[in-house]
Amino acid sequence: MKNLIIAAHPDDEILGCGGLIAKQKKCGIDSYVVILTDGAKGRYSPRQAAALRKNALEANKKVGTKKVFFEDFPNQKFDTIALSDIIGCIEKYISRLDADSLYTHHAADLNKDHRIVYEASITAARPIPGQKIKRLFTYNVASTTEWNSMEKEDLFIPNIFLDIAGEIGVKTAAMSRYESEARPYPHPRSPEAIKAYANYWGISAGIKYAEPFRLIREVRK
């Protein structure tokens with residue numbers, strides 16, 4: 001079993017799947033992360049962009065990611081490029097890594113890049129003969145998933161809750177490596193808020209801390 005985690009920007013992977021990566025590493029399950037943009041263009045200088053990539057490597061090392069791959073799609077401009085280019089990129093990693101579980105963004109996130117990456121991901125993982133992805137999930141990114149419209153069709157409604165009581169500390173520590181992206185409380189990307197969100201989702205499932213996911217499709221033998 002291998003996990004392929006698709007993230008539009010650096011830090012999405014930790015906010016959405018940091019606990020999952022750390023927990024499944026203990027079980028001998030490898031997680032690979034693909035970050036599609038540098039998360040910096042239009043916001044930061046080239047020097048800061050380099051620092052953000054360094055932070056991404058540090059954060060992923062903290063949770064135990066097997067390997068991080070970086071692509072160079074335009075930050076906050078996914079709507080200016082062909083969707084087929086993003087699909088092809090994700091398909092490349094599905095084939096290259098031979099992963100069977102894919103994690104991607106929620107379809108109705110506030111961030112447009114996230115919504116487009118979701119569309120590309122489910123297309124790349126479409127159930128055609130020979131498809132390697134057997135489990136397709138979406139994850140929650142604090143500060144974009146919950147900031148969208150509160151209409152029912154936009155809500156992130158998880159149906160899987162992963163107990164991360166043993167991993168919440170490493171998740172918050174990993175996020176703190178993102179020096180330019182972490183924020184002081186009560187911002188959703190603060191350590192206190194990350195822990196509070198995990199507590200909320202945990203309470204929803206009768207446990208102390210959880211990371212939420214929505215299973216879109218699973219193929220069982």
Side-chain angles (χ1 to χ4, degrees), residues 1-39 53 56-73 78 83-107 109 111 113-141 144-145 156 158-162 164 167 170-171 174-175 211-221:
M1 184 173 175
K2 293 181 185 177
N3 298 324
L4 173 57
I5 297 164
I6 306 297
H9 314 104
D11 85 357
D12 292 338
E13 80 288 356
I14 299 299
L15 291 168
C17 302
L20 170 90
I21 296 169
K23 189 177 187 75
Q24 295 209 333
K25 184 177 187 295
K26 297 175 183 177
C27 302
I29 299 172
D30 291 332
S31 294
Y32 296 86
V33 167
V34 176
I35 300 176
L36 295 172
T37 75
D38 66 5
R53 177 170 292 203
L57 292 172
E58 292 170 347
N60 278 276
K61 181 178 180 181
K62 184 70 177 176
V63 294
T65 300
K66 183 73 171 180
K67 189 168 183 179
V68 185
F69 300 91
F70 297 95
E71 291 291 329
D72 194 32
F73 287 101
F78 272 96
L83 181 64
S84 59
D85 290 346
I86 311 171
I87 294 168
C89 177
I90 296 171
E91 287 178 331
K92 174 184 70 177
Y93 286 104
I94 291 174
S95 176
R96 175 178 176 180
L97 299 173
D98 201 27
D100 50 18
S101 297
L102 188 146
Y103 295 79
T104 191
H105 289 283
H106 173 52
D109 267 19
N111 190 293
D113 281 0
H114 293 188
R115 298 197 300 270
I116 294 172
V117 169
Y118 164 82
E119 186 177 356
S121 296
I122 65 168
T123 305
R126 60 198 180 278
I128 57 176
Q131 175 60 255
K132 294 181 178 181
I133 297 299
K134 304 304 180 186
R135 288 165 294 279
L136 176 61
F137 303 87
T138 57
Y139 57 82
N140 178 83
V141 176
T144 64
T145 306
F156 176 75
N159 51 24
I160 293 178
F161 299 84
L162 181 68
I164 61 165
E167 293 75 35
V170 73
K171 176 172 179 168
M175 186 58 203
E211 213 163 52
F213 301 94
R214 183 163 184 81
L215 176 63
I216 304 300
R217 182 175 60 250
E218 180 178 30
V219 178
R220 297 182 182 182
K221 292 185 178 180

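Note that the numbering runs from 1 along the sequence shown for the chain. Keep in mind that what you see is a predicted model, and the values were worked out from it rather than measured.
- A donor-acceptor pair under 3.5 Å links the side-chain atoms of N111 to the main chain of D113, judged by distance alone.
- Ring planes of H114 and H9: tilted class, angle from 30 to 60°.
- Y139 has its ring centre no less than 6.0 Å from the ring centre of H106.
- At distances below 3.5 Å, at least one donor-acceptor pair connects side-chain atoms of S121 with backbone N or O atoms of V117.
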> Step by step, would you call D98 with K132 a salt bridge (Lys or Arg N to Asp or Glu O under 4.0 Å)?
Replying inline: CA-CA 7 Å; D98 201 27; K132 294 181 178 181; 3.5 Å; yes
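- Atoms NE2 and CD1, from H105 and I6 in turn, are 9.0 Å apart once rounded to the nearest 0.5 Å.
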> Between R126 and E91, is a side chain to side chain contact (heavy atoms under 4.5 Å, CB included) present by the stated rule, with each step listed?
Replying inline: CA-CA 10 Å; R126 60 198 180 278; E91 287 178 331; 2.9 Å; yes
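- L15 CG to K171 NZ: the interatomic distance, rounded to the nearest 0.5 Å, is 6.5 Å.
- Checking side-chain atoms of R214 against main-chain N and O of N159 turns up no donor-acceptor pair under 3.5 Å.
- A 4.5 Å side-chain heavy-atom check between L57 and F70 finds at least one atom pair inside the cut-off.
- In this structure a side-chain-to-backbone donor-acceptor pair under 3.5 Å is present from Q131 to A124.
- In this structure, the side chains of F73 and C89 come closer than 4.5 Å at one or more pairs of heavy atoms.
- The two residues V170 and A22 make their nearest non-hydrogen contact at CG1-CB, 3.7 Å.
- The CG atom of L215 sits 8.0 Å away from the CG atom of L136 when rounded to the nearest 0.5 Å.
- Rounded to the nearest 0.5 Å, atoms CE (M1) and CG (D30) are 11.0 Å apart.
- Counting heavy atoms from C-beta outward, L20 and F213 have side chains that approach closer than 4.5 Å.
- Counting only N and O atoms by type, the side chains of N60 and T65 include a donor and acceptor under 3.5 Å apart.
- Of all non-hydrogen atoms in A99 and N3, the two that sit nearest each other are CB-C, 4.4 Å.
- Distance check, rounded to the nearest 0.5 Å: CG of L4 to CD1 of I133 gives 6.0 Å.
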> Could you walk me through whether V33 and I21 pass the side chain to side chain contact (heavy atoms under 4.5 Å, CB included) check?
Replying inline: CA-CA 10 Å; V33 167; I21 296 169; 4.2 Å; yes
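- Closest non-hydrogen pair, I5 versus C17, comes out as CD1-CB, 3.8 Å.
- Between A59 and A174, the closest heavy-atom pair is CB-O, 3.3 Å.
- For K134, the NZ atom counts as densely surrounded, since its 6.0 Å shell holds more than 12 non-hydrogen atoms of other residues, nucleotides or ligands.
- Remark: K26 engages E167 in a salt bridge, criterion side-chain N to carboxylate O under 4.0 Å.
- For the atom pair NZ (K92) and CG (L97), the distance works out to 10.0 Å, reported to the nearest 0.5 Å.
- Side chain of R217 to backbone of A125: a donor-acceptor contact under 3.5 angstrom is found.
- Here the two rings, on Y32 and Y93, have centers that are 6.0 Å apart or farther.
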> Would E211 and K23 satisfy salt bridge (Lys or Arg N to Asp or Glu O under 4.0 Å), going step by step from the backbone distance to the final call?
Replying inline: CA-CA 11 Å; E211 213 163 52; K23 189 177 187 75; over 6 Å; no
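- A salt bridge links R135 with D100: at least one charged nitrogen is closer than 4.0 Å to a carboxylate oxygen.
- Proximity of L102 to I94: side-chain heavy atoms (C-beta onward) are separated by under 4.5 Å at one or more points.
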